[in-house]
Chemist: 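What follows is a structure written as structure tokens; I'll ask about it next.
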Amino acid sequence: MGSWKSGSMGLERMSVEQLKAVKEQTDMEVNLLQDSLSNIRNATTRLEIASSALNDLSVRPPANQILVPLTASLYVPATLHDSTHVLIDVGTGYFIEKTMDEGKDYCERKINLLKSNFDQLVEVASKKKNVADEAGVILQAKMKQLASSS
């Protein structure tokens with residue numbers, strides 16, 4: 001992502017214009033990473049809700065009346081005929097039929113993958129934030145130095 005040296009020695013050798021560019025770029029990268037973290041958090045929440053729904057469905061007897069969500073606020077009554085098989089949305093409009101246990105396993109694996117990715121992104125975002133903060137401090141010091149020398 002960045003071509004500058006990490007650490008204050010690399011940043012201290014840069015000109016004011018270079019420091020401004022580094023700060024802007026790292027701030028932009030931090031914002032993008034924060035957006036990605038938010039998306040991962042939302043996807044994890046949706047998968048946890050789906051996993052909970054699978055657990056709820058697995059304990060319901062067949063021929064039981066349920067409410068099926070069509071949208072976030074629209075539910076329709078339905079009858080559960082087969083609680084041993086589920087359709088899993090694997091993305092881009094594709095669904096796969098799986099057994100209830102396979103569906104639960106799929107959700108758990110995806111949740112674990114997203115949590116692992118989240119942890120990695122938090123670490124990268126933290127490092128980028130530190131670089132942006134350090135560049136800002138050095139930039140302010142150089143600006144003060146330029147102001148006092150003129």
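All values derive from a computational prediction rather than experimental measurement.
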Chemist: Taking all heavy atoms of Gly103 and all of Ile88, pick out the closest pair and write down the distance.
Modeler: CA-CD1, 3.8 Å
Chemist: For the side chain of Ser126 and the backbone of Val122, is there at least one donor-acceptor N/O pair under 3.5 Å apart?
Modeler: no
Chemist: Any chance you could measure Tyr106, atom OH, to Thr99, atom OG1, to the nearest 0.5 Å?
Modeler: 14.0 Å
Chemist: Taking atom NZ of Lys142 as the centre, report whether more than 12 heavy atoms of other residues, nucleotides or ligands fall under 6.0 Å from it.
Modeler: yes
Chemist: Hey, any chance Leu47 and Leu121 share a hydrophobic cluster, counting ILVMFWY side chains that come within less than 4.5 Å of each other, even indirectly?
Modeler: yes
Chemist: Are Val86 and Val68 co-members of a hydrophobic cluster defined by side-chain heavy atoms under 4.5 Å apart?
Modeler: yes
Chemist: Any chance you could lay out the side-chain contact (heavy atoms from CB on, under 4.5 Å) test for Phe118 and Thr44, step after step, and finish with the verdict?
Modeler: CA-CA 10 Å; Phe118 184 85; Thr44 302; over 6 Å; no
Chemist: Taking all non-hydrogen atoms of both residues into account, name the closest pair between Val30 and Ala125 and its distance.
Modeler: CG2-O, 4.2 Å
Chemist: Nearest 0.5 Å, please: how far is CD in Gln65 from CG in Leu80?
Modeler: 10.0 Å
Chemist: Evaluate the criterion side-chain contact (heavy atoms from CB on, under 4.5 Å) for residue pair Leu67 and Val76; output intermediate values, then yes/no.
Modeler: CA-CA 5 Å; Leu67 289 175; Val76 295; over 6 Å; no
Chemist: With side-chain contact (heavy atoms from CB on, under 4.5 Å) as the criterion, how do Leu11 and Glu134 come out once you've worked through the C-alpha distance, each side chain's angles and the decisive distance to 0.1 Å?
Modeler: CA-CA 8 Å; Leu11 292 173; Glu134 190 174 346; 3.8 Å; yes
Chemist: Donor-acceptor pair, distance only, cut-off 3.5 Å: does the side chain of Ser116 make one with the backbone of Asn112?
Modeler: no
Chemist: Group every Ile, Leu, Val, Met, Phe, Trp and Tyr by side-chain heavy-atom contacts under 4.5 Å, then state whether Tyr94 and Ile96 land in the same group.
Modeler: yes
Chemist: Could you check whether any side-chain heavy atom of Cys107 comes within less than 4.5 Å of a side-chain heavy atom of Leu54, counting everything from C-beta outward?
Modeler: yes
Chemist: About how many Å separate CG of Leu32 and CG of Leu37, when rounded to the nearest 0.5 Å?
Modeler: 11.0 Å
Chemist: Can Leu146 be reached from Met14 by stepping across I, L, V, M, F, W or Y side chains whose heavy atoms are under 4.5 Å apart?
Modeler: yes
Chemist: Please report the interatomic distance CD1(Ile66) to OG(Ser83), rounded to the nearest 0.5 Å.
Modeler: 10.0 Å
Chemist: For the atom pair NZ (Lys128) and CG (Asn31), what is the distance rounded to the nearest 0.5 Å?
Modeler: 13.0 Å
Chemist: For His85 and Asp82, which heavy atoms make the closest approach, and how far apart are they?
Modeler: ND1-OD2, 3.2 Å
Chemist: What pairs of residues pass the salt bridge (Lys or Arg N to Asp or Glu O under 4.0 Å) test when at least one of them lies in residues 97-106, not counting sequence neighbours?
Modeler: Asp105-Arg109
Chemist: Mark yes or no for whether Ser149, through its side chain, and Gln145, through its backbone, hold a donor-acceptor pair below 3.5 Å.
Modeler: yes
Chemist: To the nearest 0.5 Å, how far apart are CD1 in Ile40 and CG in Asn42?
Modeler: 10.5 Å
Chemist: For residues 41-69, which residue pairs pass the salt bridge (Lys or Arg N to Asp or Glu O under 4.0 Å) check, not counting sequence neighbours?
Modeler: Glu48-Lys115, Asp56-Arg60
Chemist: Under 3.5 Å, is there a donor-acceptor pair between the side chain of Gln120 and the main chain of Asn117?
Modeler: no
Chemist: Evaluate the criterion side-chain contact (heavy atoms from CB on, under 4.5 Å) for residue pair Ile138 and Leu19; output intermediate values, then yes/no.
Modeler: CA-CA 8 Å; Ile138 294 170; Leu19 282 170; 3.6 Å; yes
Chemist: Do Val16 and Val137 share a hydrophobic cluster, counting only Ile, Leu, Val, Met, Phe, Trp and Tyr and linking them when any side-chain heavy atoms are less than 4.5 Å apart?
Modeler: no
